[in-house]
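All values derive from a computational prediction rather than experimental measurement.
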Amino acid sequence: MPTEGSAPAALLERLRSTPSASIPTLHCISKSDTVTPPELSEELARCFDGKVIWHDRGVAMPGRSWWEESEGFP
């Protein structure tokens, strides 16, 4: 999630407040991510009204079951 008050943050906030502009996205988030706090990843996913897959692999991609969990997204 961009820094609050920045131009990218303003654009994402506009996207979040315009439901007709939602963009289908998939977000793989881990509570054990040591690089990006999961709260920021969740906030970003909400801007897009995105589908979220939670996993426990930190900064790595989720395990092989992500495809089933995403229901074949997109």
Side-chain angles (χ1 to χ4, degrees):
M1 191 66 190
T3 306
E4 189 173 329
S6 68
L11 287 172
L12 288 171
E13 184 55 43
R14 223 168 105 200
L15 177 62
R16 183 187 342 214
S17 62
T18 310
S20 63
S22 79
I23 300 169
T25 55
L26 176 63
H27 303 263
C28 300
I29 304 173
S30 175
K31 291 191 189 239
S32 59
D33 189 335
T34 58
V35 176
T36 304
E39 300 79 25
L40 293 179
S41 297
E42 270 188 300
E43 186 178 345
L44 181 64
R46 282 193 299 272
C47 290
F48 292 94
D49 193 25
K51 178 170 184 60
V52 175
I53 293 177
W54 288 95
H55 64 92
D56 60 358
R57 297 191 61 197
V59 297
M61 286 295 290
R64 294 178 185 249
S65 66
W66 77 268
W67 180 255
E68 290 82 19
E69 293 175 55
S70 71
E71 299 169 350
F73 182 89

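By the rule that hydrophobic residues join a cluster once side-chain heavy atoms approach within less than 4.5 Å of another member, Phe48 and Leu40 end up as members of one cluster. Linking ILVMFWY residues whenever their side-chain heavy atoms come closer than 4.5 Å, directly or via other members, places Leu15 and Leu44 in the same cluster.
Salt-bridge annotation for Arg46 and Glu43: absent, with no side-chain N of the basic residue lying under 4.0 Å from a carboxylate O of the acidic one.
A donor-acceptor contact shorter than 3.5 Å links the side chain of Ser6 to the backbone of Ala9. Under a 3.5 Å cut-off, the side chain of Ser70 and the backbone N or O of Trp67 do form a donor-acceptor pair.
A distance of 5.0 Å separates SG in Cys28 from CD1 in Ile53, rounded to the nearest 0.5 Å. One distance of note links CH2 of Trp54 with OG of Ser41; it measures 7.5 Å at 0.5 Å rounding. The distance from atom OG of Ser30 to atom CZ of Arg57, rounded to the nearest 0.5 Å, is 9.5 Å. Remark: Arg14 CZ to Arg16 CZ distance equals 14.5 Å, nearest 0.5 Å. A distance of 9.5 Å separates CD of Glu69 from NE2 of His55, quoted to the nearest 0.5 Å.
A heavy-atom distance below 4.5 Å is found between the side chains of Ile29 and Glu42.
Between Thr34 and Val59, the shortest heavy-atom distance links the atoms N-CG1, 4.4 Å.
Here the options are Leu12, Ile23, Thr25, Leu11, the test is side-chain contact (heavy atoms from CB on, under 4.5 Å), and the partner is Cys47; only Leu12 passes.
Glu68 CD: more than 12 foreign heavy atoms inside a 6.0 Å radius.
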